2 protein chains.
Amino acid sequence: MNPATIKDVAKAADVSVATVSRVLHNLTGYSDKTKQKVMQAVEELGYQPNAIARGLVNKRTQTIGVLFPHVSSSFSSDILHGIEEIAQEKGFSVIVCNTAEEGKRTMKYLQVLREKQVDGIVFTSEVLKDEYFQAIKEMRVPVILVNTMSQKHMIPYVKVDDHQAAYHATDYLIQKGHREIAMISGSPKDRIAGLPRLEGYRQALADNGIEYIESRVANGDFNLEGGTEAMKKLLAEAPPFTALFAASDEMAIGAMNVALERGIKIPDDLSIIGYDDLKFARMIYPPLTTIHQPLTMMGRMASEKLISLIEEDSTQVSSSIVSHHLVERQTVRSKP
Amino acid sequence: MNPATIKDVAKAADVSVATVSRVLHNLTGYSDKTKQKVMQAVEELGYQPNAIARGLVNKRTQTIGVLFPHVSSSFSSDILHGIEEIAQEKGFSVIVCNTAEEGKRTMKYLQVLREKQVDGIVFTSEVLKDEYFQAIKEMRVPVILVNTMSQKHMIPYVKVDDHQAAYHATDYLIQKGHREIAMISGSPKDRIAGLPRLEGYRQALADNGIEYIESRVANGDFNLEGGTEAMKKLLAEAPPFTALFAASDEMAIGAMNVALERGIKIPDDLSIIGYDDLKFARMIYPPLTTIHQPLTMMGRMASEKLISLIEEDSTQVSSSIVSHHLVERQTVRSKP
DNA sequence: CTCATTAAGTTAAACGTTTACTTTAATAAA
DNA sequence: TTTATTAAAGTAAACGTTTAACTTAATGAG
């Protein structure tokens with residue numbers, strides 16, 4: 001026996017499907033008695049509405065798609081967590097899409113999401129290519145960018161101000177008395193997370209009258225291995241430094257590990273500040289001082305914005321720069 | 001102008017919708033000439049099929065639902081990664097469902113998944129209550145369990161043998177010459193991940209003629225704080241020990257941190273082995289020796305099994321015990 | 001030339017809802 | 001009593017596909 005449909009309920013309650021539908025939606029146009037009959041039939045048959053059929057007529061699926069470059073990173077999953085939380089609260093489901101490195105599957109996924117008629121899209125941590133923008137535009141659903149942005153197209157985004165956050169981190173080290181400050185950066189070609197952090201660092205130095213020395217910054221590609229390599233390079237080639245700003249926690253940890261191996265004490269011999277505040281930043285020893293990005297909250301905000309765009313069909317775009325904050329743990333200390 | 005439908009294509013190509021549908025599905029019953037016309041119309045109109053409408057008639061949505069207790073844990077996201085990877089390869093989308101602690105939202109989500117007509121369900125890391133089982137049974141879709149199992153119901157699962165893995169970890173310490181071995185466990189009430197690991201530990205001791213001392217095991221609830229608390233308790237109350245088996249990496253790290261704070265050198269003074277091999281196990285210093293659970297692969301396997309269950313409608317259940325392995329890093333050393 | 005076969009195509013029902021429109025009957029107002 | 005009003009329902013179209021059943025015309029066999 002197949003699952004009960006609204007027709008079965010109607011038959012069992014001896015009314016029309018329209019009436020059943022009305023009862024189920026709490027509309028008007030039926031007596032208390034009919035309502036009882038209907039409810040009883042629903043109960044007996046274990047009826048559950050079919051959202052697919054509903055979606056077909058409403059042209060609404062109550063589903064959003066979320067695109068990530070790496071689903072499994074701690075980073076993405078924190079954002080996802082926030083998105084999912086709000087979505088479910090508001091009656092939406094979320095389809096996760098792993099676009100893989102370089103957005104290899106982005107176009108493919110965009111098409112799937114279109115065919116599946118999602119009501120909106122969250123696009124995270126990847127640069128929004130023109131091609132993507134066009135595809136999304138054709139779908140005529142709202143998008144919201146998280147942890148990325150587009151200067152070319154007016155699309156609402158949620159992100160922290162990387163430049164400012166990097167400035168903050170660097171300035172913090174300076175306030176602690178450091179003047180020889182190295183940096184492990186992301187790729188300067190990355191205009192979203194790479195360049196701005198590098199520039200924030202430079203600006204902070206400049207504003208404090210500290211000379212920028214190019215050999216004091218090394219690119220670590222945001223990951224652990226990159227961090228250790230960059231640290232080794234810095235130790236070998238850069239003029240001595242008493243503090244280090246790493247543009248990601250992973251790189252910070254890579255750097256800490258080589259320091260540890262070489263007997264460089266943290267924070268006594270070297271102060272380190274990271275960026276991201278991933279879960280493990282507080283797990284390592286000593287716990288990492290870092291820039292906290294409120295990822296879960298950013299996910300929530302994005303979800304909320306997107307859904308209001310969907311429901312109110314409002315056309316106004318509003319982006320949010322969410323504020324980072326610096327969490328002081330134990331890897332930075334004042335220079336005497 | 002609304003998105004083009006198959007009717008629009010039919011009109012533009014001057015054929016019936018049935019014909020369009022057939023050429024789109026590469027069936028027979030049309031000439032080359034018509035195919036050209038249709039393809040051209042598709043092109044011009046930018047037609048994309050509507051999966052919702054298709055789902056309604058096919059009774060297939062090409063979508064699976066995945067239930068997790070914590071979406072944001074590194075643990076879950078590795079599994080999700082594997083699931084998503086295979087799913088997309090096979091043309092399925094995945095809806096993520098965060099059931100929250102204690103499965104507070106599990107029933108609610110099961111209902112959503114039913115209404116959305118998912119074709120199958122992956123249920124992870126949570127005990128399958130009777131209530132859940134009934135709900136899923138009523139949906140008449142295949143389920144597969146990951147990282148959990150049910151002795152009561154015959155449902156295929158993918159997991160490692162926790163008892164055996166814990167035995168392995170403990171035995172490894174013993175082979176390294178340790179005989180005073182403490183354990184930080186999960187809750188013994190947890191029959192999936194808690195008890196079996198504890199029993200694996202006990203069994204390994206027994207098989208090697210080592211007495212089990214109750215005060216040498218402390219419950220750390222699988223998380224960091226629990227790990228640090230348990231470690232403190234052990235240090236204070238347990239008879240001295242030279243090695244420690246922690247039933248999760250997080251707890252292992254918690255323990256390592258208190259060791260570090262108290263000047264206990266790892267592995268010189270104390271050997272530690274963890275369980276899970278989360279991403280950060282190799283990031284910390286010294287890198288953690290631990291039991292590797294192939295989470296991504298488990299996700300892949302689950303996805304594959306589920307989809308074959310969906311597609312072949314085969315009714316045979318086959319579970320997989322996947323093999324863990326011990327990854328030797330730098331937190332264990334032989335006792336002289 | 002007739003009949004069967006086949007290829008190329010069309011028609012229309014079905015999937016499970018929602019909803020605009022219509023009908024029916026009861027009640028109230030005049 | 002007649003007419004308007006209202007509440008309680010029913011009817012049927014629509015959403016965008018797929019597909020079984022049917023039609024038409026061309027081809028070939030006998």
Side-chain angles (χ1 to χ4, degrees), chain A residues 1-39 41-42 45-63 91 112 114-119 139-140, chain B residues 1-39 41-42 45-63 91 112 114-119 139-140:
Chain A
M1 203 187 82
N2 282 331
T5 73
I6 199 174
K7 286 184 192 168
D8 300 323
V9 175
K11 200 166 298 172
D14 196 29
V15 296
S16 72
V17 297
T19 300
V20 175
S21 180
R22 277 188 300 248
V23 171
L24 261 20
H25 287 276
N26 267 316
L27 303 177
T28 58
Y30 50 85
S31 65
D32 257 12
K33 194 151 41 92
T34 358
K35 179 171 178 174
Q36 302 309 327
K37 279 194 305 182
V38 169
M39 291 316 248
V42 164
L45 298 173
Y47 168 76
Q48 301 272 157
N50 180 326
I52 296 298
R54 170 149 48 219
L56 187 55
V57 5
N58 288 344
K59 290 163 173 308
R60 272 287 215 79
T61 52
Q62 301 292 120
T63 302
V112 170
R114 174 171 178 176
E115 295 190 1
K116 292 242 161 103
Q117 316 288 127
V118 298
D119 299 331
M139 303 176 60
R140 302 143 166 282
Chain B
M1 201 189 83
N2 282 329
T5 72
I6 198 173
K7 285 183 193 169
D8 300 323
V9 175
K11 201 167 297 173
D14 196 29
V15 295
S16 71
V17 296
T19 300
V20 175
S21 179
R22 275 188 307 249
V23 344
L24 259 21
H25 287 276
N26 267 315
L27 303 178
T28 58
Y30 51 87
S31 66
D32 257 13
K33 193 153 38 96
T34 354
K35 178 170 178 175
Q36 301 310 329
K37 278 196 301 182
V38 169
M39 291 318 246
V42 164
L45 297 173
Y47 168 75
Q48 300 273 155
N50 179 326
I52 296 297
R54 178 180 298 163
L56 188 55
V57 6
N58 288 343
K59 289 162 172 306
R60 272 287 214 81
T61 52
Q62 301 292 121
T63 302
V112 170
R114 176 172 177 177
E115 294 190 1
K116 292 241 163 101
Q117 316 288 127
V118 298
D119 298 332
M139 303 176 60
R140 300 146 168 283

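Letters A, B, ... mirror the listed sequences (proteins, then strands); counts begin at 1. Computed over heavy atoms, backbone and side chain alike; hydrogens, waters and symmetry mates excluded. This structure is a prediction, so every number in the text was calculated from the model and none was measured.
Remark: C1' of dT18(D) and CG of L24(B) are 12 Å apart, rounded to the nearest angstrom. At whole-Å resolution of the value, CD1 in I52(B) and C1' in dT18(D) are 15 Å apart. Rounded to an integer number of Å, the gap from E115(B) CD to dT17(C) P is 10 Å. Taking atom NZ of residue K33(A) and atom P of nucleotide dA25(C), one finds them 15 Å apart after rounding to whole Å. To the nearest angstrom, C1' of dT17(C) lies 8 Å from NE2 of H25(A). Going from atom CZ of R114(A) over to atom P of dG16(D) covers 13 Å, rounded to whole Å. Protein atom CD of Q62(A) is 14 Å distant from nucleotide atom C1' of dT17(C), rounded to whole Å. One interatomic measurement links the two molecules: CG of N2(A) to P of dG16(C), which rounds to 7 Å at whole-angstrom precision.
Between atom CD of residue Q117(A) and atom OG1 of residue T63(A) there is a gap of 10.5 Å, rounded to the nearest 0.5 Å.
When the local axes at the two ends of the helix from dC1(C)-dG30(D) to dA30(C)-dT1(D) are compared, using 5 base pairs at each end, they differ in direction by 60° after rounding to 10°.
Minimum interatomic distance between A41(A) and A12(A) (heavy atoms only, all atoms of both residues): CB-CB, 3.9 Å. In terms of heavy-atom proximity, P3(A) sits nearest to D8(A) at O-OD2, 4.1 Å. The nearest pair of heavy atoms linking K59(A) to D119(A) is O-OD1, 4.4 Å. Closest approach of N50(B) to I52(B), counting heavy atoms only: OD1-N, 2.7 Å.
Within the 4.0 angstrom heavy-atom criterion, only backbone atoms of the sugar-phosphate kind lie near Q48(A); the bases stay farther away.
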Less than 3.5 Å apart, which donor and acceptor atoms pair up between the side chains of residues 20-30 of chain A and the rest of the protein, not counting sequence neighbours?
{"unit_1": "R22(A)", "atom_1": "NH2", "unit_2": "T19(A)", "atom_2": "OG1", "d": "3.4"}
{"unit_1": "Y30(A)", "atom_1": "OH", "unit_2": "L27(A)", "atom_2": "O", "d": "3.0"}

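Partner of K37(B) under the side-chain contact (heavy atoms from CB on, under 4.5 Å) criterion, out of V9(B), V15(B), V42(B): V15(B) alone.
Between the K116(B) side chain and the Q62(A) main chain, a donor and an acceptor come within less than 3.5 Å of each other. When atom types are taken as modelled, the side chain of N58(B) and the backbone of R60(B) share no donor-acceptor pair closer than 3.5 angstrom.
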With sugar-phosphate taken as primed atoms, P, OP1 and OP2 and all else as base, the protein-contact string of nucleotides 6-15 of chain D at under 4.0 Å (heavy atoms; B, S, -) is --SBBB---B
